[in-house]
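First the structure, in the form of structure tokens, and then the observations on it.
As the structure lists them, so they are numbered: ligands from 1, and atoms in each ligand from 1.
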Amino acid sequence: MPHMNPVIVSGAGPGGLTAALCLAAAGVPVLVCEREDTLPVDLRAGSYHPPTLEMLAPFGVTERMHDEGVIVPRWQIRDRDEGVLVDFDMALLKDETPYPYRLHLEQHKLTPLLLDACRRYENFDIAFGTAVSGLTQDEDGVTVGVNAPDGHRSLRGSFVIGADGHHSAVRNALGIEFEGFTWPEAFLVLSTPHDFEADGFTRAAYVADPDEWLVMFKLPTMWRLAFPVDPDALADSYMADDKVEARLQRVSVCADAYEVIHRNTYRVHQRVAASYVRGRAALAGDAAHVNNPLGGMGLNGAVHDAVNLAGRVVAILRGEAGMEALGLYERQRRPVQIEYVQRLSIRNKRLVEERDPEVRQRHRDELRAIGDDPEKARAYLLDSSMISMVREAAKVV
Ligand SMILES: Cc1cc2nc3c(=O)[nH]c(=O)nc-3n(C[C@H](O)[C@H](O)[C@H](O)COP(=O)(O)OP(=O)(O)OC[C@H]3O[C@@H](n4cnc5c(N)ncnc54)[C@H](O)[C@@H]3O)c2cc1C
């Protein structure tokens, strides 16, 4: 398709680069516009589920992720008072996927792998320092306004994919509502090289506690732990060295002081775009939906959207499908976002933060019962590893 206007992708995060990779590999000209001058390197997600590894495997990306990442064969849900409630063995999924485990790798180490893979294709191009600022569209294509290093310009494309994150310029230009809510607490994220595995934790663990629940996971060079904090409190009350040290000692007693490499806070939302598609413009990843990180579904969902959406766009451009294929993208991806990702991520958070002693006891009993029954554990893992939702989506026609 050499003379066709490119598909313009707004945003070079995991969602945008995955879409670009699928399009480029199918021979579609693609131009990624990224607002920043380089790929962003901030610390964000880092947990990959089996379907994501399956989807990126044909491009050689999964193999490279294994070279750099950490395999997580088991994960736990714990109670701060009572210890391990359930210790899930991902091998229960061995007949469901070639990757019966989670893989941990920082998001900012995935995006260069995706970009490397994209650059193998001559029909791929990326413009850094180029922020999408608006768009118009007609029957034949889209005109995208960008603020580029040489000033404001208009780019002509066949389609535009808004993979430009939570504050998506594409979603805003389309006037699509981002429906949902913001959690009242902020998340404090601490990174430390301390080896919690030696203290009995699995490489991913969720610890329930009415006052100070936490999520922890091991990345290749450090552990990351996330705790709830009051966003209105003075930052010193949770960021100061002595507060951080005391907090980590409560997780696991360590004779030496903890080394803390990074500390930051961020706000967390549960929102889904009222629509994923408008004409020749479609949303993917955080531009379409955001959720709390308990379960690690944000980044994975971005990749799943991107693969599905790119496939629809390729089919339309090849004349194998009409524009209704974009409607199928929305019908396959938006309901599972609501019925699975939003529901499960909210359930996961409610589970670890529950304050009512009776409800907590019920949760403990239920989780122990799941852990004691391989069939129940397998069903739980099919949901939590996002296998069920990808299968459900594929059934929608
Ligand atoms: C601080 C933080 C911590 C997180 N931690 C976790 C976690 O632990 N677990 C988890 O599952 N999820 C986590 N998430 C969510 C996860 O990182 C996202 O779900 C994931 O990044 C989604 O990928 P994406 O490609 O859709 O969007 P993004 O990664 O946000 O990428 C969007 C890209 O678009 C670019 N961009 C923005 N505006 C424009 C524009 N106008 N024009 C062009 N480019 C633009 C941005 O620079 C960025 O490169 C976290 C998010 C944040 C913010």
Side-chain angles (χ1 to χ4, degrees), residues 8-21 31-49 52 102 104-108 110-112 114-115 126-135 144-148 155 160-173 186-191 204 206 214-217 219 223-227 262-271 273 276 283-307 309 333 337 341 344-345 348-349 384 386:
I8 297 173
V9 177
S10 179
L17 288 175
T18 300
L21 177 56
L31 169 64
V32 176
C33 297
E34 167 55 47
R35 180 184 60 190
E36 304 299 325
D37 293 335
T38 55
L39 292 177
V41 289
D42 48 341
L43 271 182
R44 291 196 180 190
S47 191
Y48 303 87
H49 294 300
T52 311
R102 292 183 180 188
H104 287 178
L105 177 70
E106 293 90 336
Q107 177 170 330
H108 64 82
L110 169 69
T111 46
L114 291 169
L115 183 56
I126 185 163
F128 283 106
T130 301
V132 167
S133 58
L135 69 98
V144 175
V146 294
N147 293 318
L155 304 172
V160 60
I161 293 179
D164 42 6
H166 179 190
H167 299 289
S168 173
V170 171
R171 191 187 64 239
N172 290 337
F187 281 39
L188 167 67
V189 180
L190 303 176
S191 305
Y206 303 83
L214 71 136
V215 182
M216 51 204 293
F217 68 110
L219 287 163
W223 283 72
R224 291 188 73 205
L225 296 86
F227 306 82
H262 304 103
R263 63 191 84 183
N264 66 306
T265 56
Y266 72 103
R267 293 304 295 268
V268 180
H269 318 267
Q270 302 283 158
R271 294 184 190 278
Y276 280 17
L283 305 173
D286 275 16
H289 46 75
V290 286
N291 54 272
N292 77 64
L294 279 85
M297 296 182 179
L299 164 57
N300 289 273
V303 171
H304 304 178
D305 285 349
V307 171
L309 175 57
R333 296 297 309 161
Q337 171 61 217
V341 177
L344 294 179
S345 59
N348 292 346
K349 183 166 177 295
S384 59
M386 301 180 87

Working to the nearest 0.5 Å, report the span between [atom1] of [X] and [atom2] of [Y].
X: Arg35; Y: Ser133; atom1: CZ; atom2: OG; result: 12.5 Å
X: Met216; Y: Phe227; atom1: CE; atom2: CZ; result: 8.0 Å
X: Leu225; Y: Leu214; atom1: CG; atom2: CG; result: 6.0 Å

Side chain proximity check, Leu43 to Tyr266, heavy atoms < 4.5 angstrom: no
Student check: side-chain heavy atoms of Glu34 and Pro40 closer than 4.5 Å: yes
Leu17 and Leu39: CA distance, side-chain angles, deciding distance, side-chain contact (heavy atoms from CB on, under 4.5 Å) verdict: CA-CA 10 Å; Leu17 288 175; Leu39 292 177; 4.0 Å; yes
Under 4.0 Å from ligand 1 - residues by heavy atom, chain and number: Ser10, Gly11, Ala12, Gly13, Pro14, Gly15, Cys33, Glu34, Arg35, Glu36, Pro40, Arg44, Ala45, Gln107, Thr130, Ala131, Val132, Ala163, Asp164, Gly165, Ala169, Tyr266, Gly285, Asp286, Pro293, Gly296, Met297, Gly298, Leu299, Ala302
